[in-house]
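Quick notes on the structure that follows.
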Amino acid sequence: QQKYKLYGLDAPHLVAVGEFLLEKHTAAAFCNMQTKAAKYGLDLQLCSAFRPFERQVHIWNAKASGKRPLLDASSKPIDYQSLTDPQLIDAILIWSALPGASRHHWGTDIDVFDANQISKTALQLISSEYQANGPCFALYQWLVKHAEEFGFYFPYQAQKSGVSPEPWHLSFFPVAQDYLRQFKADELAKVLSHAEIS
């Protein structure tokens, strides 16, 4: 059922790419892009793909309770205890979607890095890693030029998305655009009404 796809509640439509799950057309496009990137000396790897609703709840609750770092738009730590509830929600939303509203629920969105330059365990997914002198800068520059050839684009860009730019986050446009059109706030509200969210 489409509702389950849109809000991360089920995953039988997804296929495995290594340890990750992706929507099948996204998976094929990613593997083609990965092969081409290798010809340029880049080891394009996934560090995040499909994320179920419950995993997003866990991330949200950990940030809301101070068990996971809360960062401002410049990737600087914020003291969560000094914030009012509305301020805390706004701070979490800088880098993390509300459960049920994450594009990662669709299996069309990926976070990537260059494994030739940094290990997955060392990766923090902060902007400086994808800027000049960062380990993933060459990969980011290559993606800016070539990702579109494979159907991918950067959905989170400065002044265009309402959230902080994420140079590591790509979306497979041919499928994601359909999911975005089908997304309904009232359906999300129903899903959230049954969840344990801080």
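Computed from a prediction, not measured in an experiment: that's the story for all the values here.
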**Message:** For a quick test of reading the model, state the closest non-hydrogen atom pair linking Leu83 to Ala91 and the distance between them.
**Reply:** CD1-CB, 4.0 Å
**Euclidean distance, Asp111 CG relative to Gln45 CD, rounded to 0.5 Å** = 13.5 Å
**Asked** Between the main-chain N or O of Thr84 and the side-chain N or O of Gln87, is there a donor-acceptor pair closer than 3.5 Å?
**Response** yes
**Asked** For residues Gln131 and Ser128, is any side-chain donor paired with an opposing acceptor at under 3.5 Å?
**Response** no
**Request:** Please lay out, stage by stage, how Glu23 and Lys5 fare under the test salt bridge (Lys or Arg N to Asp or Glu O under 4.0 Å).
**Result:** CA-CA 10 Å; Glu23 182 275 329; Lys5 284 184 188 179; over 6 Å; no
**Complete:** Looking only at heavy atoms, the pair that brings Phe172 and Ala29 closest together is CE1-CB, 3.4 Å
**Asked** Does a side-chain heavy-atom distance below 4.5 Å link Trp106 with Leu180?
**Response** yes
**Asked** How long is the span from the CD atom in Gln56 to the CD1 atom in Ile197, to the nearest 0.5 Å?
**Response** 9.5 Å
**Item:** Transitive ILVMFWY cluster of Phe137, excluding itself - 4.5 Å side-chain cut-off
**Value:** none
**Request:** Report yes if some heavy atom in the side chain of Phe150 is under 4.5 Å from a heavy atom in the side chain of Lys36; otherwise report no.
**Result:** yes
**Asked** Going through the checks in order, is the side chain to side chain contact (heavy atoms under 4.5 Å, CB included) test met by Arg55 and His104?
**Response** CA-CA 10 Å; Arg55 176 71 183 136; His104 282 288; over 6 Å; no
**Asked** Gln182 side chain to Asp178 main-chain N or O, any donor-acceptor pair under 3.5 Å?
**Response** yes
**Message:** How long is the straight-line distance from CG of Asp114 back to OH of Tyr40, given to the nearest 0.5 Å?
**Reply:** 14.5 Å
**Prompt:** Do we see a donor-acceptor contact under 3.5 Å between the side chains of Ser171 and Arg103?
**Reply:** yes
**Prompt:** Hey, quick one: are Ile78 and Leu98 part of the same hydrophobic cluster, counting side-chain heavy atoms closer than 4.5 Å, chains of contacts allowed?
**Reply:** yes
**Message:** Using modelled atom types and a 3.5 Å cut-off, is there a donor and acceptor pairing between side-chain atoms of His105 and backbone atoms of Leu6?
**Reply:** no
**Request:** Would you check if Phe152 and Ile110 make a side-chain contact, meaning some heavy-atom pair closer than 4.5 Å?
**Result:** yes
**Asked** Nearest heavy-atom pair of Pro99 and Leu192: which atoms, and what distance?
**Response** O-CD2, 3.2 Å
**Asked** Just by distance, do the side chain of Gln34 and the backbone of Leu44 share a donor-acceptor pair under 3.5 Å?
**Response** yes
**Request:** Before accepting this row, confirm whether a basic side-chain N of the pair Glu19/Lys120 lies closer than 4.0 Å to the acidic partner's carboxylate O.
**Result:** yes
**Asked** At their closest point, which heavy atom of Gly100 faces which heavy atom of Tyr7, and how far apart are they?
**Response** O-CD2, 3.3 Å
**Message:** Within the structure provided, determine whether Asp109 and Pro155 are in side-chain contact (heavy-atom separation under 4.5 Å).
**Reply:** yes
**Asked** How many angstroms lie between CZ in Arg68 and CD1 in Ile59, if you round to the nearest 0.5 Å?
**Response** 4.5 Å
**Message:** So, taking the atom named CG in Leu70 and the one named CG in Leu88, what distance separates them when rounded to the nearest 0.5 Å?
**Reply:** 6.0 Å
**Item:** Close side-chain approach of Glu129 to Ile118, heavy-atom, < 4.5 Å
**Value:** yes
**Complete:** In short, Pro69 meets Lys63 closest at the heavy-atom pair O-CE, 3.7 Å
**Sequence neighbours excluded, every pair satisfying ring-ring contact (aromatic ring centres under 6.0 Å, His included) that has a member inside residues 44-77** = none
**Asked** Taking atom CG of Leu46 and atom CG of Leu22, what is their separation to the nearest 0.5 Å?
**Response** 6.0 Å
**Message:** Applying side chain to side chain contact (heavy atoms under 4.5 Å, CB included) to Lys67 and Tyr80, what does each step give before you reach the verdict?
**Reply:** CA-CA 10 Å; Lys67 293 177 184 163; Tyr80 83 102; over 6 Å; no
**Asked** Are Tyr153 and Tyr140 joined in one hydrophobic group, where the rule is that I, L, V, M, F, W and Y side chains link up if heavy atoms are under 4.5 Å apart?
**Response** no
**Request:** Would you check if the side chain of Ser96 reaches a backbone N or O of Leu93 as a donor-acceptor pair within less than 3.5 Å?
**Result:** no
**Asked** side chain to side chain contact (heavy atoms under 4.5 Å, CB included) between Val112 and Leu170: does it pass, once the steps are laid out?
**Response** CA-CA 8 Å; Val112 298; Leu170 294 169; 4.2 Å; yes
**Asked** Which heavy atom of Asp72 sits nearest a heavy atom of Trp95, and at what distance?
**Response** O-NE1, 2.8 Å
**Prompt:** Between Val191 and Leu9, is any pair of side-chain heavy atoms under 4.5 Å apart?
**Reply:** yes
**Asked** With side chains defined as the heavy atoms from C-beta onward, is the minimum distance between Val57 and Asn61 less than 4.5 Å?
**Response** yes
**Item:** Min side-chain heavy-atom separation Cys47-Leu125 under 4.5 Å
**Value:** yes
**Asked** Between Phe113 and Trp168, is the ring centre distance below 6.0 Å?
**Response** no
**Item:** side chain to side chain contact (heavy atoms under 4.5 Å, CB included) assessment of Phe30 paired with Met33
**Value:** CA-CA 5 Å; Phe30 170 75; Met33 185 168 65; 4.2 Å; yes
**Message:** Within the supplied structure, the quantity of interest is the number of heavy atoms (other residues, nucleotides, ligands) at a distance under 6.0 Å from Asp79 CG; does it exceed 12?
**Reply:** yes
